[in-house]
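Below is one structure, written out as structure tokens, with a few remarks after it.
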Amino acid sequence: MIALDFSSGFALYIFVWFIILTFLWSRELWRDKIYDWALSEGHVCICDNCRFAFLIKPGESVARCSKCNEMCTIRKRY
Ligand SMILES: [Zn+2]
């Protein structure tokens with residue numbers, strides 16, 4: 001058995017919590033990057049055929065309308 005006094009045990013306890021919080025924070029940053037959805041007009045595609053508006057992922061240039069299955073080309077607006 002490892003002999004551990006109170007101050008060493010407390011320091012170990014704080015260190016383990018620090019590692020856990022660092023891991024959770026890194027995971028949250030990673031998830032924010034992966035699931036990056038921002039509601040803005042640049043990410044909304046409006047179908048030319050049925051005028052149905054739907055969201056697209058950032059960086060996509062072609063999408064298929066989920067209502068009428070028409071191909072929609074996304075025009076860049078700057
Ligand atoms: Zn459509």
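Whatever order the structure lists them in is the order used to number ligands and atoms, beginning at 1. Counting from 1, the numbers follow the sequence of the chain as shown.
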>> Under a 3.5 Å distance rule, please check whether Arg64 uses its side chain to pair with a backbone N or O of Asn69 as donor and acceptor.
In response: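 Yes.
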> Within the side chain of Ser26, is there an N or O that forms a donor-acceptor pair under 3.5 Å with the backbone of Thr22?
Replying inline: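 It does hold such a pair.
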>> Please check if the number of heavy atoms outside Phe10 that lie under 6.0 Å from its CZ is greater than 12.
In response: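 12 or below, so no.
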>> Can you tell me how far apart SG (Cys65) and CE (Met71) are? Round to the nearest 0.5 Å.
In response: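 These two atoms lie 11.5 Å from each other.
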> Leu24 versus Glu28: any side-chain heavy-atom pair under 4.5 Å?
Replying inline: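 No - every pair of side-chain heavy atoms lies 4.5 Å or more apart.
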> Which ILVMFWY residues can you reach from Phe15 by hopping between side chains whose heavy atoms are under 4.5 Å apart?
Replying inline: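 Phe15 shares its hydrophobic cluster with Ile19.
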> For the Zn ion (ligand 1), how many protein N, O or S atoms come closer than 2.8 Å?
Replying inline: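 Excluding waters, the total comes to 4.
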